[in-house]
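When reading the values below, keep in mind they use all heavy atoms of this one structure, side chains included, and skip hydrogens, waters and symmetry mates.
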Amino acid sequence: MLFQQLINGLTLGSIYALIALGYTLVYGILLLINFAHSEIFMMGAYFGVFSLMIFEKLHIFQGAPFMLVACALAASMICTGLLGVIVEFAAYRPLRNAPRLAPLISAIGVSIFLQNFMMIVVSPESKTFPDTIPLHVYKLGGTASISSLQVIIIVVSVALMAALHLFIKYTKMGKAMRATSQDAETAKLMGINVNMVISLTFFIGAALGGAAGVLNGMYYGSVKYNMGFIPGIKAFTAAVLGGIGDVRGAMIGGFVLGILESLGAGYVSSAYKDVFAFVILILVLVFRPQGLLGRKISNKV
Amino acid sequence: MLKVENLHTSYGKIEALSGIDLEVGDGEIVTLIGGNGAGKTTALKTIAGLLRPGKGRISLEGRDITRTPAHAIVRLGVSLSPEGRKIFPDLTVLENLEMGAFSRPPGDIKRELDSAFSIFPLLSERRNQLGGTLSGGEQQMLAIGRALMSSPKLLLLDEPSLGLAPKVVETIFDIIKKINAGGTAILLVEQNANMALCTASRGYVIESGRIVLADSAASLYGNERVRHAYLGVSD
Ligand SMILES: Nc1ncnc2c1ncn2[C@@H]1O[C@H](COP(=O)(O)OP(=O)(O)OP(=O)(O)O)[C@@H](O)[C@H]1O
Ligand SMILES: [Mg+2]
């Protein structure tokens, strides 16, 4: 039972971690909590569905499930990435010098807009996520097992996080992102186009959120216009838990939250599953607002 | 090289620069001295493109850069080492220097690094240490080294002696002279008027956002008003 809950927790946690990265990257650079990020996640799931439908119509990648998933993921990540860039440009950039409450309200506006847009234009009903990967269940000794979907979710998430880590640590643009998050004005003096770095940050954060949306759709088998709300708040909790603004913190926070939630669901009651995240959020905010890894002044990006 | 005409810069309704004129010739060291709040930092930030002037004109080698954004001004050959050093605390010394060369093609970075390390051998020893853990003097060296990484034609230095022990100040000023000897023009902002006037060939005195004196460094050094207000000489 414990082992099984850990596997479930790891699966959930990798999705939370991917979403949490989007919150934390943007916060690291703009000190903005991008409340529209949960809708980017939702849009990512829909982009996944649409690209799978298109691939089927065009008869491409049929019979090659891994290729199919990889291409749907990539398509969704590009679309959500661009959407993230557009949202920043339209809703946040004009408010760059406004009081800090203004972009927050704008973010909530974007979130409401995207939900209602999808509800009206696509459907208020949930939509089935097309079958992709043949479902296998692998026994792991005892009563524990892991499904092919869980393996894919964990592997894809870990690979994306590793790629992000390498990008931020070693590439020129990754270093420019870190420099900008530490001191944007001085970054300009280095010749860094800070607006471009901000766009790039939104692209990456949203693309990771979009990937999480696709994985989440595959895991639960359906997507809906309001599916972003709960995972969004949980991932935000994960980001706060790890220390918002801290990339490693968001990854660790996501896994910790996923595992705690699964253990809570397994050992206490699955009816309270969603309550755990909020209890953790409140406890962290009260007792350790800088998060697990965060310093007093957070170590951003 | 640099020509500033009738420059006005405001913070909201407060005017910090009320029409300043100054020039820096090729290969020259020019100093801008003045007390707290006189407008020195504002002048440098406006030249570097971080602040938008309300009125006036800034030109570099005859080219108007008044409205050019900061990141593009670096590419034109002007680099600012800001007041308070502004090292990226969570980047290593090496990464800080690499950021300084952000505008350079990747092939040139190695050469720029070698030249920065030859001016500041200490930075080479500390290359993998985080910027925030350096001492004040080391941070100042890193700030200047970082500003040099873009191989500027004009280096703007904002109070490089701020908060440093006299011995370190001397080292820094020696290095400034050495950089200038290599052909880089320098606009040096200082409260330490003594050191600044000994280093520069010409100087300007700024008070409340206006240039009140402009002369050769030697004449300013002998000027009554400068001696009283900035060199701490009382007779
Ligand atoms: N961000 C700001 N907002 C409002 N006023 C400012 C700001 N920065 C500077 N000022 C004002 O502009 C004036 C000039 O400031 P500036 O920093 O240019 O002076 P300075 O000569 O560099 O002084 P110091 O030697 O103390 O560094 C001061 O009156 C200061 O209060
Ligand atoms: Mg100043």
Determine whether T237(A) and Y16(A) satisfy the following criterion, side chain to side chain donor-acceptor pair (under 3.5 Å), listing intermediate values before the conclusion. CA-CA 9 Å; T237(A) 303; Y16(A) 293 157; over 6 Å; no

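In this structure, the portions of L80(B) lying under 4.5 Å from any heavy atom of chain A include both its backbone and its side chain. Contacts of R146(B) with chain A are made by side-chain atoms alone, with heavy-atom separations under 4.5 Å and no backbone atom involved.
Here the closest heavy-atom approach between residue P53(B) and residue R67(B) is recorded as O-NH2, 3.5 Å.
Salt bridge status for E95(B) with K175(A): absent, with no side-chain N to carboxylate O gap under 4.0 Å.
Per-residue heavy-atom pair counts under 4.5 Å with chain A were compared for P82(B), G100(B), P89(B), S103(B), and the maximum is reached by P89(B).
Other residues, nucleotides and ligands contribute over 12 non-hydrogen atoms within 6.0 Å of the NZ atom of K172(A).
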